Amino acid sequence: MIGNCQNNLLSILVPVYNEAECLHSFYSRLSAVLERLPCASEILFVNDGSTDDSLDTIRMLHRLDSRVAYIDLSRNFGKETAMGAGIDYIRGDALLIIDADLQHPPELIPEMLQSIAGGYDDVYGYRKNRNGETRMKKWLSKKYYRFLEILSDIPVQKDTGDFRMFGSKAIAALRLMKENERNMKGLFSYIGFRKKAVFYEPDVRIAGHSKWNYLKLADLAIKGLTSFSVIPLRLVSIAGIVTSVAAFIYLVVVFVKAAIWGDSVGGYPSLMCILLLVGGFIMLALGIIGEYLGIIYNETKRRPGYFVNEYCCHEDGLTVEN
Ligand code: UDP
Ligand code: MG
């Protein structure tokens, strides 16, 4: 018997970007698990501007199964925003976020639900291994999260993706996060609440290909860092102080040498080195400040984070189009 959830609704949120080849198998495996749950469920697909047949497939699944609802975003906004949009639209008391490519096993849902029923608010899938990822990606990811943990003062769950189940308090907290430049994993850590890990082995993607590349990962990493820590700015100030002190000491040395030995002409190589070093440092400092400035610029525009082209339809038949 899974936790007491007869009167509750479990929402399954699935971000979808060009996953037409995966959706049927995904739906079959997921619905086989949902059938066995004691609580009602809804499956909300968020079509994130797919250019293949994903939306038609989702519409077909909706005709077959009234638990299936969907929102179709006006273009591709990226997975972070797609998840944010889904959180705004789900209606459940508990929420599971799961990828459409079956890398996350739906069979874990009963165990996660049991933890939610047991009083946890954020039950996260902890990857026992990261098969299918390059050694470089694994190494970079490990170092990045270690770095993020040192720089921000929130505990970051390692080896964790977006395969997570949330209780109602966590859902309410996530809905209050209105920033556009979002790193959902950081927000999941930020909200706090009682967290629990559930271990799983990620499968290889059943079809299609990963939408991530190093450029997108770097973008996500920078957003994560700049949204959760201002320490890089402080490091720039500290480095500026250290350079100024070192420059002053060197200035005294040069002055004394010139005054005592009259050695005022030499030193072209060291001059060049210092000039290039300081020049490089100034560019780096400006770059770091620029990253924060870019985020402030984007946030002050206060644009809606996404637009919905079509929303259809929960069990009461409600359809909203805008
Ligand atoms: N996804 C999305 N929008 C995007 C990129 C990806 O909604 O711009 C979805 C994608 O359809 C999948 C999930 O996010 O359901 C994970 O994507 P992917 O498998 O490409 O990432 P990986 O598992 O390689 O990190
Ligand atoms: Mg995947």
Side-chain angles (χ1 to χ4, degrees), residues 2-3 5 8 10-15 26 29-30 33-34 37 39 41 43-44 46 79-84 86-87 90 92-133 137-138 141-149 152-177 182-203 205 212 217 220-221 223-224 227-228:
I2 304 153
C5 71
N8 293 336
L10 169 67
S11 295
I12 313 285
L13 161 54
V14 195
F26 170 77
R29 238 175 94 181
L30 176 68
V33 174
L34 296 183
L37 295 182
C39 51
S41 53
I43 308 172
L44 180 73
V46 180
K79 185 184 179 189
E80 307 300 298
T81 302
M83 287 191 284
I87 292 170
I90 53 125
D93 314 279
L95 158 70
L96 175 85
I97 303 181
I98 186 169
D99 286 356
D101 57 6
L102 280 177
Q103 287 196 275
H104 303 155
E107 291 72 22
L108 229 64
I109 294 176
E111 190 186 334
M112 293 171 118
L113 203 52
Q114 204 150 34
S115 300
I116 294 286
Y120 288 94
D121 301 294
D122 175 2
V123 182
Y124 56 94
Y126 187 105
R127 288 184 284 237
K128 277 198 268 187
N129 63 53
R130 302 186 65 158
N131 294 343
E133 287 182 19
K137 191 174 168 196
K138 280 187 238 178
S141 162
K142 197 171 160 203
K143 293 291 164 210
Y144 169 71
Y145 283 110
R146 179 87 196 91
F147 189 56
L148 187 63
E149 199 162 38
S152 65
D153 33 3
I154 42 171
V156 181
Q157 289 81 47
K158 287 170 215 63
D159 290 320
T160 307
D162 299 315
F163 183 37
R164 290 171 101 117
M165 190 179 282
F166 299 98
S168 51
K169 279 184 275 179
I171 297 172
L174 288 171
R175 283 194 175 132
L176 293 177
M177 306 286 175
R182 33 176 90 221
N183 174 307
M184 292 305 278
K185 213 176 135 183
L187 294 182
F188 298 154
S189 299
Y190 179 80
I191 57 167
F193 297 112
R194 283 187 75 198
K195 298 189 187 298
K196 186 186 174 191
V198 168
F199 294 85
Y200 77 102
E201 297 210 12
D203 289 319
R205 176 178 252 289
W212 293 100
L217 282 180
L220 193 68
K223 272 184 192 151
S227 344
F228 291 97

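What's counted below: heavy atoms across the whole structure, side chains too, no hydrogens, waters or symmetry copies. This is a predicted model, so every value here is computed, not measured.
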Report task. For E201 and K128, indicate whether the former's side chain and the latter's backbone hold a donor-acceptor pair under 3.5 Å. Result -> no
Requested in this report: Would you confirm whether the ring centroid of F193 sits within less than 6.0 angstrom of the ring centroid of Y120?
Outcome: no
Query raised in the report: With distance as the sole test, does Q103 use its side chain to make a donor-acceptor pair with the main-chain N or O of P202 at under 3.5 Å?
Result: no
**Report entry** Sub-6.0 Å ring centroid separation between F163 and Y200
**Finding:** yes
Report summary line: One should read off an interatomic distance between I98 CD1 and R164 CZ, to the nearest 0.5 angstrom, of 14.5 Å
Query raised in the report: What pair of heavy atoms forms the shortest contact from A82 to P15, and how long is it?
Result: CB-CB, 4.2 Å
Query raised in the report: Is a salt bridge present between E80 and K223, judged by a nitrogen-to-oxygen distance below 4.0 Å?
Result: no
Requested in this report: Side-chain contact test, heavy atoms from C-beta onward, threshold under 4.5 Å: evaluate it for F26 versus D101 and give yes or no.
Outcome: no
Query raised in the report: Do you know the tightest heavy-atom contact between R194 and G118?
Result: NH1-O, 4.2 Å
Report task. Please determine if K185 forms a cation-pi arrangement with Y145, meaning its NZ or CZ atom is less than 6.0 Å from the six-membered ring centre and no more than 45° off the ring axis. Result -> yes
Requested in this report: Decide yes or no for L10 and M165: does some side-chain heavy atom of the first lie under 4.5 Å from some side-chain heavy atom of the second?
Outcome: yes
**Report entry** Any I171 side-chain heavy atom under 4.5 Å of D121 side chain
**Finding:** no
Query raised in the report: Between D99 and R205, does at least one N-O distance fall below 4.0 Å, as a salt bridge requires?
Result: no
**Report entry** Qualifying residue for side-chain contact (heavy atoms from CB on, under 4.5 Å) with V14, from I97, L44, I43
**Finding:** I43
Query raised in the report: What are the two closest non-hydrogen atoms of S115 and V123, and how far apart are they?
Result: CB-CG2, 3.6 Å
Query raised in the report: Take atom CZ in R175; do more than 12 heavy atoms of anything else shown fall under 6.0 Å from it?
Result: yes
Query - Rounded distance (nearest 0.5 Å) linking atom CG of L96 with atom CG of L13 - result: 8.5 Å
Query raised in the report: Could you give the distance from OH (Y190) to CG (L174), rounded to the nearest 0.5 Å?
Result: 12.0 Å
Report summary line: Closest heavy-atom pair, V33 versus P110, reported as atoms and distance to 0.1 Å, is CG1-CD, 3.9 Å
Report summary line: Heavy-atom nearest pair, G86 first then V46, reads CA-CG2, 3.8 Å
Query raised in the report: Closest approach of P155 and Q157, non-hydrogen atoms and distance?
Result: O-NE2, 3.6 Å
